[in-house]
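Accompanying notes for the structure given below.
Because the structure is a prediction, the values reported are computed rather than measured. The chain is numbered in sequence order, starting from 1.
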Amino acid sequence: MNRLVNALHAGSWVAILGPRMAGKTSLALAGANSFAEDMKYRVIFVDLRNTETSRQATEKILGRLPKSILETLTKYIAEVSLSAGGMAGGVKLRGNAAAKNALEDALFSLNNTILVLDEVQNVKQGVDSFLKALATAFNENDSLLVIFTGSYAGVVKKLFEATHRDSFYGRPPIEILLPPWPEWVAAEFLRKGFEQCGVDVTQREIQDTLWRLGTLPGWLNLYGLRRCLGASHEEALQRVFEKAVNEALRELEHFLEGRSPKAREVIKRLTYGATWGELEKNRNLKRHPQQAPGGSHRGAVRSGQGRHRSLQVFGSGLQVRCGETAPLPKG
């Protein structure tokens, strides 16, 4: 967190990158609130998980702004629903309003503010106009700081691919990577948490949890919370594992939307043990979909790291060990 807070003090924008459930949002909010308390800033958090276009993102951002700022943007806004406390609950832009211009004017009005754009990689349509609005704010509003969280895709990828022709050139966001924890850190996290809530736990239960769920803090926190609320080890572990698998499958389906059938074939082959090198040598992909290029059936992708073989399923961070399989999306 010190690196995040120091970057904010330096006036830098920050991108916190990592898989789902790695703790990106928690770090962003903790760092933003710490800085805001010291510097008398306000924090505005925008959840962009289900947002695919820059227009939708702009409406969500406007929906988190105070009424006083929205009153200066009436030429762009068709309707506003207010929540308790004077904050906008939802905003709809006029049909002829340019989202880029609305976002630029809104961001220019935000003084002494940290804007947290959570899971921003989901914005994939209108990325250029979205980034141009952010770049204008970056260059013209020194008191606005932005924290991006997500994976290296969409808006985030475009940010780090900026060239000398782009507005962010020379001043890319500070990058903070959050990989999965080492196993000893994850084990200690569980032990200390159970001590604090008074739950007796065995070393075997901790090892079993790390084997099934991996070491991302989000999944471990959900498991620990269920145990502290009275669930047994088996019940808590199974519930969280099922939730992780379902989320991974949803992300996989989203990833495959609009892609050629060959993309699904590649995913199936990876699941059954194909290496990237084997896929490169067999680009025609004419073998049986459940058979790896080498001719054998295997249980999981080989990661080559540590003493376990595992598959990290996209943004969910779920690790599927050798011998454990989950159903793939149909088709």
Side-chain angles (χ1 to χ4, degrees), residues 4-16 28-29 31-33 35-48 51 53-77 80 87-88 91 93-94 96-118 120-121 123-150 154-176:
L4 171 57
V5 173
N6 289 340
L8 295 174
H9 276 292
S12 297
W13 289 14
V14 182
I16 303 174
L29 289 175
N33 287 324
F35 177 89
E37 184 177 355
D38 291 341
M39 303 303 294
K40 308 305 178 186
Y41 269 51
R42 63 182 165 191
V43 177
I44 296 177
F45 177 83
V46 185
D47 182 358
L48 297 174
T51 309
T53 71
S54 61
R55 192 174 189 85
Q56 292 171 344
T58 297
E59 289 177 339
K60 282 198 172 184
I61 292 171
L62 297 183
R64 299 295 298 163
L65 302 185
K67 180 181 176 181
S68 58
I69 292 181
L70 293 181
E71 289 175 346
T72 69
L73 304 172
T74 55
K75 64 180 178 180
Y76 301 112
I77 297 174
V80 178
M87 297 293 289
V91 170
L93 292 173
R94 297 179 184 271
N96 61 349
K100 173 180 175 293
N101 295 340
L103 184 57
E104 284 181 358
D105 288 356
L107 296 180
F108 187 76
S109 301
L110 290 175
N111 297 318
N112 298 330
T113 299
I114 302 174
L115 179 63
V116 180
L117 300 179
D118 195 42
V120 71
Q121 82 282 351
V123 180
K124 296 178 181 177
Q125 296 181 26
V127 170
D128 287 341
S129 62
F130 188 67
L131 284 180
K132 285 178 181 177
L134 290 172
T136 299
F138 181 84
N139 292 321
E140 297 183 5
N141 187 354
D142 292 338
S143 69
L144 173 66
L145 298 171
V146 178
I147 300 174
F148 305 91
T149 80
V155 170
V156 176
K157 182 178 180 182
K158 189 73 174 180
L159 273 173
F160 287 100
E161 290 179 345
T163 68
H164 66 278
R165 295 185 300 273
D166 298 312
S167 300
F168 279 103
Y169 180 73
R171 291 168 292 181
I174 300 297
E175 180 179 348
I176 297 177

First locate atom OG1 of Thr136, then atom CZ of Phe108, and finally report the distance between them rounded to the nearest 0.5 Å.
10.5 Å
So Ile174 and Asn6, do their side chains get closer than 4.5 Å, heavy atoms only?
no
To check you understand the geometry: which heavy-atom pair defines the closest contact between Ala57 and Val123, and what is its length?
CB-CG2, 4.0 Å
Assess the side chains of Asn101 and Tyr76: does a donor N or O sit below 3.5 Å from an acceptor N or O?
no
Of all heavy-atom pairs between His9 and Met39, which one has the smallest distance, and what is that distance?
CE1-SD, 3.6 Å
For side chain to side chain contact (heavy atoms under 4.5 Å, CB included), just list the numbers for Leu144 and Val146, CA-CA rounded to whole Å, side-chain angles, deciding distance to a tenth of an Å, and then say yes or no.
CA-CA 7 Å; Leu144 173 66; Val146 178; 4.3 Å; yes
Can you label the angle between the Phe148 ring and the Trp13 ring as parallel, tilted or perpendicular, going by 30° and 60°?
tilted
For Leu4 and Ile176: C-alpha separation, side-chain torsions, deciding distance, then whether side chain to side chain contact (heavy atoms under 4.5 Å, CB included) applies.
CA-CA 8 Å; Leu4 171 57; Ile176 297 177; 3.9 Å; yes
When you compare the side chains of Thr113 and Asn111, does any donor N or O come within less than 3.5 Å of an acceptor on the partner?
no
How long is the gap from CZ on Phe45 to CG on Asn33, to the nearest 0.5 Å?
11.0 Å
If I take atom CD from residue Glu71 and atom NZ from residue Lys67, how far apart are they, to the nearest 0.5 angstrom?
5.5 Å
Which distance, rounded to the nearest 0.5 Å, do you find between the CG of Asp105 and the CD1 of Ile69?
11.5 Å
Option among Leu103, Ile44, Leu110 that satisfies the side chain to side chain contact (heavy atoms under 4.5 Å, CB included) test with Ile61
Leu103
Give, for atom CG of Leu107 and atom OG1 of Thr58, the distance between the pair rounded to the nearest 0.5 Å.
8.5 Å
Spatial distance of atom CD (Gln121) from atom OG1 (Thr51) [nearest 0.5 Å]:
10.5 Å
Any idea which heavy atoms bring Thr72 and Ser109 closest together, and the distance?
OG1-OG, 4.3 Å
Would Val46 and Val116 count as a side chain to side chain contact (heavy atoms under 4.5 Å, CB included) if you check the C-alpha gap in whole Å, the side-chain angles of each, and the deciding distance to 0.1 Å?
CA-CA 6 Å; Val46 185; Val116 180; over 6 Å; no
I would like to know whether Thr149 and Leu117 meet side chain to side chain contact (heavy atoms under 4.5 Å, CB included); could you show each step before the answer?
CA-CA 6 Å; Thr149 80; Leu117 300 179; over 6 Å; no
Taking all non-hydrogen atoms of both residues, which atom of Val91 and which atom of Glu59 are closest, and how far apart?
O-CB, 3.4 Å
